[in-house]
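Below: the structure, in structure tokens.
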Amino acid sequence: MRVSVVGLGYLGAVHAASMASLGHEVVGVDVDAARVESLALGKSPFFEPGFDELLARAVGAGRLSVSADVAAVAGARVHFVCVGTPQAAGSGAADLSFVEAAVSSLVPHLAVGDVVVGKSTVPVGTATGLAARVEAVGATLVWNPEFLREGFAVADTLHPDRIVYGVPEGEVGRRAAALVDEVYATPLAEGTPQVVTDYATAELVKVAANSFLATKISFINAMAELCEVAGGDVTRLADAIGHDQRIGRRFLNAGLGFGGGCLPKDIRAFMARADELGAGEAVAFLGEVDAINTRRRARMVELAVEVLGGDVAGARVAVLGAAFKPDSDDVRDSPALDVAARLDGLGAHVVVHDPQAIDNARRKEPSLAYERDLEAALTGADVVLVLTEWRHYRDLDPARAAGLVARPQVLDGRGALDRDAWQAAGWTYRALGRP
């Protein structure tokens, strides 16, 4: 089938190449000329494991073409809208201007019977308003939220853990769902669970899922705060409660908290939309979830000041990690980069290492020093902060690292290291929520 993808950022580019790999003829459209040029050459403008190869195959096979002209979507039967919904300036609400613009640009090129598929994360109620504009030209809107995890985006697109559609009632909705089923025929044939529902429920699925995940992460970080004052070990606590099948151990790793372009802005937008609907009290707890998450960054800075004797001015601090999570070059709302900037503001000489995110980090925090060589970043450090759990840092030889630093002191902000091994190599080991 010929399909189009409007918006070729992280979500859209991965989706376009993935759909091409499933055998569809895909045309991608974006207003960013540099991004279009890069993708047309089969070169990814961002880091995502497995994506470079997927993209090169799709372009090389002629199944994926890209353009800066939205008219190129003509002739496609299904049109995916994959643009961003960032947090609005001065507000917790989502900025829907890119979604509005994308749909407006599509409408003149739609044919009767086409389906527009919204994948962007939007406040509940958005789809109903967009549907009227699409229906005016004889097309149908389906809301199909994305559930990508950075670092696993290719697998999550090709082998999703669920597929959700929000469709209008009646035969129109059934026909539209059947057409989108053709696009997703391969994962559906693999037995991927499918939920077909109304627009509002489909819109709520993504923000509800992210809010639950954020709540689970902030819960264990709240327990870490208690462990620090009570003398407990949050890692052992998480192990113990994680054996309860109603709770589970996944995402109960205390540490520096969450960041990135989804969880923080999605829970804020969820609260803002709930307030608009008069249901703010129902999700008011998310304000504390957000606050707990932010406090972890301040606590890590306090811990660094503590191990440096109360004054970080002039101290050499090696920060390992700039991306908000491993296997990504994304530094949006990165806890690691935030901590690095705060320590720099206190007068420390901060040197940041990251396997993939240095260029993006430098654009966001140009005052920091960056080092691409890990051993050079460690050399002469008075304290080492592990703030993104890259395998590069998990696999560090603590004995060799001890020979590089000025003072063998490590703060494990992600619980990524083997505490016993590092202590045996002579390191002073500290971690959030652990004695």
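Residue numbers count from 1 along this sequence.
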Is the closest basic N to carboxylate O distance between [X] and [Y] below 4.0 Å?
X      : Y      : result
Asp290 : Arg268 : yes
Arg296 : Glu225 : yes
Glu150 : Arg332 : yes
Asp333 : Arg297 : yes
Glu288 : Arg295 : yes
Glu37  : Lys43  : no
Arg363 : Asp359 : no

Short side-chain to backbone donor-acceptor contact, [X] and [Y], under 3.5 Å:
X      : Y      : result
Trp427 : Pro398 : yes
Gln194 : Arg162 : no
Glu228 : Gly433 : yes
Tyr199 : Leu141 : yes
Asn360 : Asp329 : yes
Glu146 : Leu11  : no
Ser104 : Ala101 : no
Thr428 : Gln409 : no
His24  : Val183 : yes
Glu53  : Arg57  : no

Give me the atom names and distance for the closest heavy-atom approach of [X] to [Y].
X      : Y      : answer
Lys206 : Pro145 : CB-CB, 4.1 Å
Glu190 : Leu158 : OE1-O, 4.0 Å
Ala340 : Val352 : CB-CG2, 4.1 Å
Leu55  : Ser44  : CD2-N, 3.6 Å
Glu371 : Ala377 : CG-N, 3.5 Å
Cys82  : Ser120 : C-OG, 3.8 Å

Are [X] and [Y] packed together at the side-chain level, in the sense that at least one heavy-atom pair is separated by less than 4.5 angstrom?
X      : Y      : value
Val122 : Leu96  : yes
His159 : Thr192 : no
Trp390 : Asp395 : no
Phe80  : Ser4   : no
Val3   : Glu25  : no
Val410 : Leu417 : yes
Leu411 : Val384 : no
Met19  : Met1   : no

Candidate pair Leu130 and Glu100, rule side-chain contact (heavy atoms from CB on, under 4.5 Å), full reasoning: CA-CA 8 Å; Leu130 297 174; Glu100 297 279 353; 4.0 Å; yes
Audit row: Arg63, Val26, side-chain contact (heavy atoms from CB on, under 4.5 Å) steps and yes/no: CA-CA 6 Å; Arg63 290 200 182 98; Val26 182; over 6 Å; no
Validation: residues 229-239 side-chain donor-acceptor distances under 3.5 Å, sequence neighbours left out:
from   : atom 1 : to     : atom 2 : distance (Å)
Asp233 : OD1    : Thr235 : N      : 2.9
Asp233 : OD1    : Arg434 : NE     : 3.3
Thr235 : OG1    : Arg434 : NE     : 3.4
Asp239 : OD1    : Arg249 : NE     : 2.9
Asp239 : OD1    : Arg249 : NH2    : 3.2

Is it the case that [X] and [Y] place a side-chain donor and acceptor less than 3.5 Å from each other?
X      : Y      : result
His15  : Thr157 : no
Asp198 : Thr201 : yes
Ser334 : Lys364 : no
Asn253 : Glu389 : no
Asp330 : Ser328 : no

[atom1] of [X] to [atom2] of [Y]: how many Å apart, nearest 0.5 Å?
X      : Y      : atom1 : atom2 : value
Leu8   : Asp32  : CG    : CG    : 9.5 Å
Leu387 : Tyr393 : CG    : OH    : 9.0 Å
Thr215 : Phe251 : OG1   : CZ    : 13.5 Å
Asn210 : Thr121 : CG    : OG1   : 7.0 Å
Ser367 : Asp344 : OG    : CG    : 4.5 Å
Thr126 : Trp143 : OG1   : CH2   : 7.0 Å

Phe212, CZ: over 12 other non-hydrogen atoms inside 6.0 angstrom: no
CZ/Arg372: more than 12 non-hydrogen atoms of other groups inside 6.0 Å: yes
Full working for side-chain contact (heavy atoms from CB on, under 4.5 Å) between Leu256 and Asp338: CA-CA 11 Å; Leu256 198 52; Asp338 185 22; over 6 Å; no
Let me check something: any side-chain donor-acceptor pairs from residues 315-323 under 3.5 Å, sequence neighbours excluded? List them with distances.
from   : atom 1 : to     : atom 2 : distance (Å)
Arg316 : NE     : Thr379 : O      : 2.8
Arg316 : NH1    : His349 : NE2    : 3.4
Arg316 : NH2    : Ala376 : O      : 3.4
Arg316 : NH2    : Thr379 : O      : 3.4

Derivation and outcome, side-chain hydrogen bond (donor to acceptor under 3.5 Å, both in side chains), residues Thr85 and Lys265: CA-CA 9 Å; Thr85 53; Lys265 65 100 175 172; 2.9 Å; yes
Ring centers of Tyr370, His353 separated by less than 6.0 Å: no
Any pair counted as ring-ring contact (aromatic ring centres under 6.0 Å, His included), so long as it reaches residues 38-66, sequence neighbours left out: Tyr10-Phe46, Phe46-Phe51
Among Ile267, Leu213, Asn221, the one residue meeting side chain to side chain contact (heavy atoms under 4.5 Å, CB included) with Phe258: Ile267
Asp181, Thr197, Asn144 screened by side-chain hydrogen bond (donor to acceptor under 3.5 Å, both in side chains) with Tyr165, the one that passes: Asp181
